[in-house]
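Presented below is the structure to which this report refers.
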Amino acid sequence: MEALYNLVLFCVLFSILATCTVQDTITVDQVIRDGDTLVSASEIYELGFFSPGRSTNRFMGIWYKNISPQTVVWVANRETPITDLSGVFRVATNGSLLVIAGSNKTTVWSSETPTTINPVAQLLDSGNLVVRRNGEESFIWQSFDYPGDTFLPGMKLGKDLVSGLDRRWRPWKSLDDPSPGEFEGLMDTNGFPQVFIHHGSVPLTRSGPWNGNTFSGNPSHSPSSPINLKFVFDDKEVYFMFTIANNSLLSRAYMNPEGYFLHMIWVDRSHQWFTYWQQYINICTRFGLCGPNGWCNPDNSPSCSCMEGFEPRQPADWSASDWSSGCQRRTPLECPKGDGFRVFKNIKLPDTRRSWYNRSMTLDECMSTCKSNCSCIAYANIEITRGGTGCLLWFDDLVDVRTVEEGQDLYVRMSQSDITINESTSKPSYNKKRGIIIAAVSISSCLVTIILILVIVYAWNKKKTPDERIKIVDEEYNKQSQHDDDMELSYFSLVEISMSTKDFSNDKKLGQGGFGPVYMGVLDDGREIAVKKLSKTSRQGVNEFRNELKFIAKLQHRNLVKLLGYCNEGDESMLIYEYMPNKSLDLFIFDKIRSLTLDWSNRFHIINGIIRGLLYLHHDSRFKIVHRDLKASNILLDVDMNPKISDFGLARMFRDQENEANTNRVVGTLGYIAPEYAIDGTYSEKSDVFSFGVLVLEIVSGKTNRGFSCQMDDDNLLAHAWRLYEEGKALELLGAYMRDSCVDSQVLRSIHIGLLCVQHHAKDRPTMLSVALMFDQDCALPAPKQPAFFSEGTIPNVNQISISEVTMTTLEPR
Ligand SMILES: *[C@@H]1O[C@H](CO)[C@@H](O)[C@H](O)[C@H]1NC(C)=O
Ligand SMILES: *[C@@H]1O[C@H](CO)[C@@H](O)[C@H](O)[C@H]1NC(C)=O
Ligand SMILES: *[C@@H]1O[C@H](CO)[C@@H](O)[C@H](O)[C@H]1NC(C)=O
Ligand SMILES: *[C@@H]1O[C@H](CO)[C@@H](O)[C@H](O)[C@H]1NC(C)=O
Ligand SMILES: *[C@@H]1O[C@H](CO)[C@@H](O)[C@H](O)[C@H]1NC(C)=O
Ligand SMILES: *[C@@H]1O[C@H](CO)[C@@H](O)[C@H](O)[C@H]1NC(C)=O
């Protein structure tokens, strides 16, 4: 009886254990049936049977356990689908992994593992399915050696030169069919190794040789990127792989059935794959488009021309946009005498499949080696790191030469006459006038080409044509760093920012700043941030962005908004600030409901904070800074309702002796612009004082002064305040709801000072220093004159105020 009881207990316990523990390993005694799964130890990957897309066929594969929709990273029986639910996965006693299906138990897939005894199969947290001898560490077989459409961190693309194993990238035929399609990514080890993408057996595109940082012709890879690239080339193996700095980040390089390549990162917060690198395709991506010695530049029209010193081999074909015949030398070489080398800059190095290389030579040694052999036609350093190392020599035509933004120097042998005549230019010399006609002819064929061949640059970065934006932050940052050693600006990665803002989702958008949208985000450490993104379409934005960075990075004050860091990756530029939970002042004072929450003491506190901030800008910081766009929506409020001045996009710095400046372009916001600025375009710190005065009157009254230059009735805020002041009823300016909480003397003083600040003539306005003293002390105040509310024929010609696009955008609350 007791034995039976024990048996029952054992069975119960066993079944609990069996169902509760995650199983990541199977032995020869176990099977995984369709419906069962293996799960890696940390529950990242899951192995089992699935149906891709709209297909009902079953395949054994590996996917992310916690990602929906199901994202498959590896498939076993790619070419042998199972048509029913009879599939079984198991380990044979000889170590082979088997997928068996059907009533007659046909083997539909076998891993062909080298024979071993006592094998176990395990699904690792890296996504690798491995076979090993029980108790041993080393793998006898691993799924990472048989890639499909996905490369996971740690997978190698390339060859094991000892065993001959060639790991290629084989995308699916379609989203419904995981069998290998027409595209293939592979490491070509002829000459100096390069990665090629083939369509069938035709090379579609080429990575360029590895230059120590990335593949030649690609934008350099940032060391701060969460993704690390690795290229290994030694006696035993040649491969490329990526790894991830933080293993908690899920990342995959995926090639879709059209041969289009994406590198993606899973963003937990938004539950979607974020494309970290997208393949950038242009006509020059196509391998050898311009033929031998042709030169491709996507910015030119047509994109193909001959390298300097060369001319089309078949001019008729060229003018018909058939560039395949390429170019030939204009002047034959006269080696060994009379030749020299001409340097071409910013080049993606030509095809290296037939080149000779020595990885330790210097450039000088490389040159003399090439010079001494008349069949050598070009040379270049292999690596750009450490000042340039290694030597590549070409003996054939130069194929697939492109101009790129961050390219390498290529030295091409040329007859002395070709070098000296056109020494200054290194532009291609193909006839430009004819080019226009060719462009028209070629555009249609271009389009077809581009659509037909969605080719892949092995571009592990998506930077495009030169764009000044890309460099702004770095430039400014470097400049700053030189001057301000104490300044600490953090760099944020694009991934980090994307994650924190849910991939810049609309519900995270706080508003529109002068140079682009502003998003709210939460960093991993819980810090809340505001992200100002430079809009890709705004030219003006670039200047404002630059300006903002220039000023705000220098300034530190508790009444100025704090810049935490910046992000500058690909063609995205962003500034990251502390997040202001109460957003901006205008949302309080001009809102009927919310203004009730802001009693007099709050308002007085805010006015004082703004004074401190302006005092710092005008007098206390090392530079005199005029903000030029002071207004309620640029006063941000922290959780304790402390005001912080923001948005330095229009700010200007004054040197020591300078007090006034002039501008052709009046910028700023209607309702806040000082008259001398609106009329003459002259501005000084007193222009800010004017805006401050308007702001004070707005805070006190809860009314906006906007549109004062359009409305000619005296009902605008300044006129209204002036009339009440003159009639001795200034307290009536105060919103009724504040009467209970107010301190009359403070209110009157605020209105009085506000009116002094909005005087028509700049010289009649106090400086911020005086303003601060006036608020702090009970001294007698000078009597204000009639302020500048433009009611007596002083309205400036509105056409003369070039209210720029900036002004119009700043009319929107930021
Ligand atoms: C291992 O065994 C399976 C089935 O028992 C067989 O199909 C496979 O060919 C064997 N593999 C080797 C390498 O012998
Ligand atoms: C297994 O059975 C299926 C039908 O169930 C049949 O079509 C197939 O030919 C059989 N295979 C072998 C090897 O007997
Ligand atoms: C990796 O990322 C996770 C969450 O994103 C974070 O908690 C962890 O601290 C990071 N680890 C390192 C070493 O940065
Ligand atoms: C490469 O060049 C270096 C320096 O000239 C030389 O010492 C070395 O033997 C060369 N290696 C090969 C494989 O030619
Ligand atoms: C020049 O280089 C080629 C290719 O490496 C080689 O076959 C040939 O022998 C060399 N000629 C001389 C004169 O060194
Ligand atoms: C030099 O360049 C000019 C145009 O830049 C071209 O017309 C001329 O033919 C070139 N001469 C040679 C020898 O390449």
Side-chain angles (χ1 to χ4, degrees), residues 26-32 60 76-77 79-80 82 86-102 104-121 129-134 139-143 145-146 161 163-165 189-193 209-210 212 233-236 238 292 333-339 341 349-383 385-399 411-413:
I26 62 165
T27 62
V28 289
D29 311 325
Q30 296 167 304
V31 294
I32 299 290
M60 194 276 263
N77 54 318
E79 294 174 81
T80 46
I82 303 165
S86 64
V88 171
F89 168 60
R90 68 183 195 86
V91 189
T93 46
N94 63 9
S96 278
L97 302 180
L98 304 173
V99 175
I100 294 162
N104 48 13
K105 304 237 184 304
T106 325
T107 299
V108 297
W109 177 81
S110 159
S111 68
E112 306 299 341
T113 311
T115 305
T116 183
I117 50 162
N118 206 2
V120 293
L129 174 65
V130 301
V131 178
R132 59 167 155 236
R133 242 171 105 166
N134 203 354
F139 311 147
I140 300 159
W141 183 93
Q142 56 176 339
S143 62
D145 283 339
Y146 303 91
L161 299 174
S163 70
L165 183 70
T189 49
N190 292 307
F192 194 84
W210 183 258
F233 177 23
D234 57 29
D235 296 345
K236 297 199 181 72
V238 186
L333 294 175
E334 293 160 40
C335 191
K337 54 179 169 32
D339 291 344
F341 288 92
L349 293 183
D351 187 9
T352 54
R353 286 182 300 175
R354 283 154 78 176
S355 62
W356 178 94
Y357 62 88
N358 176 323
R359 297 168 77 195
S360 56
M361 273 186 180
T362 64
L363 193 61
D364 279 349
E365 289 170 322
C366 194
M367 196 238 325
S368 48
T369 311
C370 190
K371 205 166 190 171
S372 64
N373 185 331
C374 282
S375 42
C376 174
I377 57 151
Y379 69 92
N381 266 145
I382 300 175
E383 304 212 343
T385 46
R386 287 171 287 135
T389 49
C391 176
L392 274 167
L393 302 182
W394 284 266
F395 298 93
D396 271 314
D397 288 325
L398 303 173
V399 176
Y411 299 82
V412 180
R413 188 189 287 272

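In each ligand, atom 1 is the first atom listed, and ligand 1 is the first ligand listed. Just so it is clear, the values below take in all heavy atoms, side chains as well, and ignore hydrogens, waters and symmetry mates. Values in this document were obtained by computation on a predicted structure and should not be read as measured data.
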*Answer with side chain, backbone, both or neither: which part of R359 has a heavy atom less than 4.0 angstrom from an atom of ligand 4?*
neither
*So, K337 and E334, do they make that salt bridge, N to O below 4.0 Å?*
no
*Residues, nucleotides or ligands: over 12 heavy atoms within 6.0 Å of R359 CZ*: yes
*Looking at M361, which atoms of ligand 4 are within less than 4.0 Å of one of its heavy atoms?*
2 (O), 5 (O)
*asked:* If you define the side chain from C-beta out and look only at heavy atoms, does anything of V412 sit under 4.5 Å from L398?
replied: yes
*With a cut-off of 6.0 Å (strictly less than), are more than 12 heavy atoms of other residues, nucleotides or ligands near CG of D234?*
yes
*Can you find a side-chain donor-acceptor pair between T106 and N104 that sits under 3.5 Å?*
yes
*asked:* Could you tell me if D145 and S143 have a donor-acceptor pair between their side chains, going purely by distance under 3.5 Å?
replied: no
*Within a distance under 4.0 Å of any heavy atom of S360, pick out the atoms of ligand 4 and give their elements.*
1 (C), 2 (O), 3 (C)
_Value rounded to 0.5 Å, distance of SG in C370 from CE in M361_ = 10.5 Å
*Do T362 and T389 come close enough that some side-chain heavy atom pair is under 4.5 Å?*
no
*Would you check if the distance from the ring center of W141 to the ring center of Y146 is below 6.0 Å?*
yes
*What atoms of ligand 4 come closer than 4.0 angstrom to any heavy atom of N358?*
1 (C), 2 (O), 3 (C), 8 (C), 10 (C), 11 (N), 12 (C), 14 (O)
*State if S110 counts as touching ligand 1 under the rule of any non-hydrogen atom under 4.0 Å.*
no
_Set of residues that line ligand 5, where lining means a heavy atom lies under 4.0 Å from it_ = N373, S375, F395
*Min heavy-atom dist T113 to ligand 1 below 4.0 Å*: yes
_Proximal atoms of ligand 1 relative to N94 (non-hydrogen, under 4.0 Å)_ = 1 (C), 2 (O), 3 (C), 8 (C), 10 (C), 11 (N), 12 (C), 14 (O)
